[in-house]
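A short write-up of the structure that comes next.
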Amino acid sequence: MRVALDPGPLDGPARVQRLAEDGSPLGPPETLSDLAAVACVEREHAPRWVFARARGYRRLLAGGVDVARAHDIELVEGLLVAADGQFGQPHGLAAAVARLEGRTPVPDPPAGDDGPPALFDAGPSTDELADIVAVHAAQQRRLSAATPGMRLLAAAESAGMLVAQEMTAAGLPWRIDVHDRLLVDLLGPKPLLGGRPPKLAALADAVNEAFGRPLNPDSPAEVLRAFARAGHELETTRSWELKRIDHPAVEPLLAYKELARLHAAHGWSWLRTWVADGRFRPEYVVGGVVSGRWATRGGGALQIPKAVRAAVRADPGWKLVAADAAQLEPRMLAALSGDHSLAPGDEDLYTALAAREFAGDRAKAKLALLSAMYGQTSGGAGVLLATLRKRFPAAMAYVEDAARAGEEGRLVRSHLGRTCPPARPGHEQPAAARARGRFTRNFVVQATAAEWALVLLAELRMLLRSAGSRAVLVFFQHDEVLLHAPAEEAEAAAEAVRTAAVTAGRRLFGDTPVRFPMQPRIVEGYDER
DNA sequence: CAGCCTCGCGCC
DNA sequence: AAAGGGCGCGAGGCTG
């Protein structure tokens, strides 16, 4: 059974409508007095709840109610609209209703908006539950005519919404004291009135001294001018470019840039803004990236530098279970292309490839494979690619076909059917076409990896729920998950991760010989390997 | 002043 | 010959 839900105000009644699988109503709309009644329906029927958007579930969680399964109207609409080749169309509920009624879709409300939907609903209807029911039925019709992959993708994307909201609610355990100590070690004591911490100030002084005049090391333009006066014409102030020149300012400047980055992006100001009650709570944006990868809002959650990961520590009596998928993208390529010998087993794929083709040089093997998937040809990649082309013709043909499709302006899709938006018009120049080719070449692999990860999350969540585990997902970053688990449940949680990885591979590719191993580590701190 | 762009760098 | 994919964020710096 499915149940469409308009959760209503936090403490007020919720409106629901029971639905058949195809979305047709089973009886009239009903009013539930409060969220406890929603929880009761969940316990008795465990339906697939149909939400207009993520904040519907956020409201349930705020009331202490969680559910097993969902259908997210906005996320599914985005998938279906793109699959129909309707790119750039809004896919909010109001827009979907407008499309159903043959009106021009209204723009989506601003991202992250939490206001009342009626504010943005320019259409004649203000009955959100009726809108949800109507759009859901239309989506189920479209999904029933689509591929099994699309149906799996729609379910997984919706499960992603549940995971995302639950992870934000749980928060990533973050020790302010550990983070602060780390900052003091690297930067010196926190300056009381803003300004540069002592070690940064000293490095800025050293840069000034090396140039013989004061400048702002944070200003690329000033740095370029200073080097030009010293006889070094640089294109940019990127660190790899600075490293190539011989000047006494280079060393302190590189040290300054590294610490300034830490101070600006993950320093005390970041701590004050983003960590509260021992938890960092970024907002996850499911499918926020064209490839289906997630984005986040707030605190740069997907770019937590290795230098501060020690601050992520389990609560007393708890453990972190950290697991990342090893060499996920080349394994995806092996499965997608049928070139199974590219990924023969569980062992490190680059090491294995290096042993067979690159005289044991792992770095070469890695560069070769990444170049194939990103479209890189410089830096010696060309020679390595020739080796791959000879040894793995099907895998190489797969990415090269995707690149050609992009260059010729054709659409490409992920394994399950996420559609890559076409190039914007006006980009027919040869250089732009090649750039487009690199984009689509990468899309087929990255988007398929993203949907594997999505299915993994959904499977892992269900395994933990059905086992009654107290372990909770607290972080997800493309191919990596972090669980927070009571110490005595950590090993079971780790086993769930391994199982979910196997299941995700099977759900995507059936009984492919390609493996997608995850090796969970049970640790106290996220910095421990 | 806000709003927007570029730069550079963090992560995958 | 040359040709590296995807993001978010803060600081600088320009525009209106």
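These numbers come from a predicted model, not from an experiment. A, B, ... follow the sequence lines: proteins, then strands. Residue 1 opens every chain.
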Original post:
Does the aromatic ring of A:Tyr374 sit over the six-membered base ring of C:dG4, closer than 5.5 Å centre to centre and tilted less than 30°?
Top reply: no
Original post:
Tell me, which of residues 437-453 of chain A have any heavy atom that sits under 4.0 Å from an atom in DNA chain C?
Top reply: A:Arg438, A:Phe439, A:Asn442, A:Gln446
Subject >> Among C:dG5, C:dG12, C:dA2, the nucleotide that comes nearest once only the side chain of A:Arg293 is considered >> reply: C:dG5
**OP:** Output yes when A:Glu357 and A:Lys364 qualify as a salt bridge under the 4.0 Å nitrogen-oxygen rule, no when they do not.
**Re:** no
Subject >> Phosphate OP1/OP2 of C:dA11 contacted by A:Ser219 side-chain N/O (<4.0 Å) >> reply: no
**OP:** For A:Gly298, report the nucleic acid contact type (base, sugar-phosphate, nothing); a contact means any heavy atom under 4.0 Å.
**Re:** sugar-phosphate
Subject >> Atom-pair distance (CD on A:Glu283; P on C:dC7), nearest Å >> reply: 18 Å
**OP:** Assign A:Leu370 to base, sugar-phosphate, or nothing according to its heavy-atom contacts below 4.0 angstrom with the strands shown.
**Re:** nothing
Original post:
What integer distance in Å separates A:Tyr284:OH from C:dC7:C1'?
Top reply: 15 Å
Original post:
Taking 4.0 angstrom as the limit, do A:Arg331 and A:Asp346 come out as a salt bridge?
Top reply: no
**OP:** Take the protein atom CZ of A:Arg434 and the nucleotide atom P of C:dG4, then report the distance between them rounded to whole Å.
**Re:** 10 Å
Original post:
What is the 5' to 3' range of DNA chain B, first to last nucleotide, that sits under 4.0 Å from any heavy atom of chain A?
Top reply: B:dC7 to B:dC12
Subject >> Protein-nucleotide distance (A:Leu369, atom CG; C:dG5, atom P), rounded to Å >> reply: 17 Å
**OP:** Starting from P on C:dC14, measure out to CD on A:Glu222 and report it in whole angstrom.
**Re:** 11 Å
Original post:
Starting at CD of A:Gln477 and ending at P of C:dG6, how long is that distance when rounded to a whole Å?
Top reply: 18 Å
Original post:
A:Thr351 side chain to A:Glu347 main-chain N or O, any donor-acceptor pair under 3.5 Å?
Top reply: no
**OP:** Classify the nucleic acid contact of A:Asn216 as base, sugar-phosphate or nothing, counting any heavy atom under 4.0 Å across all strands shown.
**Re:** sugar-phosphate
Subject >> A:Glu157 and A:Leu79, any side-chain heavy atoms less than 4.5 Å apart >> reply: yes
**OP:** Could you tell me how the ring of A:Phe509 sits relative to the ring of A:Phe516: parallel (under 30°), tilted (30 to 60°) or perpendicular (over 60°)?
**Re:** parallel
Original post:
Atom CG of A:Leu367 to atom P of C:dG5: distance rounded to whole Å?
Top reply: 14 Å
**OP:** Using modelled atom types only, decide if a donor and an acceptor are shared between the side chain of A:Glu524 and the backbone of A:Arg313 within a distance under 3.5 Å.
**Re:** no
Subject >> Check against salt bridge (charged side-chain N to carboxylate O under 4.0 Å, His left out), A:Asp177 and A:Arg175 >> reply: CA-CA 5 Å; A:Asp177 59 326; A:Arg175 283 273 296 274; 2.8 Å; yes
Original post:
Do the ring centers of A:His484 and A:Phe475 come within less than 6.0 Å of each other?
Top reply: no
Original post:
Can you check the A:Leu384 CG to C:dA3 C1' distance for me, whole Å?
Top reply: 16 Å
Subject >> Aromatic ring proximity A:Trp270/A:Phe280, centre distance under 6.0 Å >> reply: yes
**OP:** Report the relative orientation of the aromatic rings in A:Trp174 and A:His179; use parallel for angles under 30°, tilted for 30 to 60°, perpendicular for over 60°.
**Re:** tilted
Original post:
So, A:Asp324 side chain and A:Glu480 main chain: donor-acceptor pair closer than 3.5 Å or not?
Top reply: no
**OP:** Mind running a 4.0 Å heavy-atom check of residues 234-265 of chain A against DNA chain B and sending the residues that fall below it, in number order?
**Re:** A:Thr236, A:Thr237, A:Arg238, A:Ser239, A:Lys257, A:Arg261
Original post:
Out of A:Val474, A:Val163, A:Leu473, which residue meets the side-chain contact (heavy atoms from CB on, under 4.5 Å) rule with A:Val481?
Top reply: A:Leu473
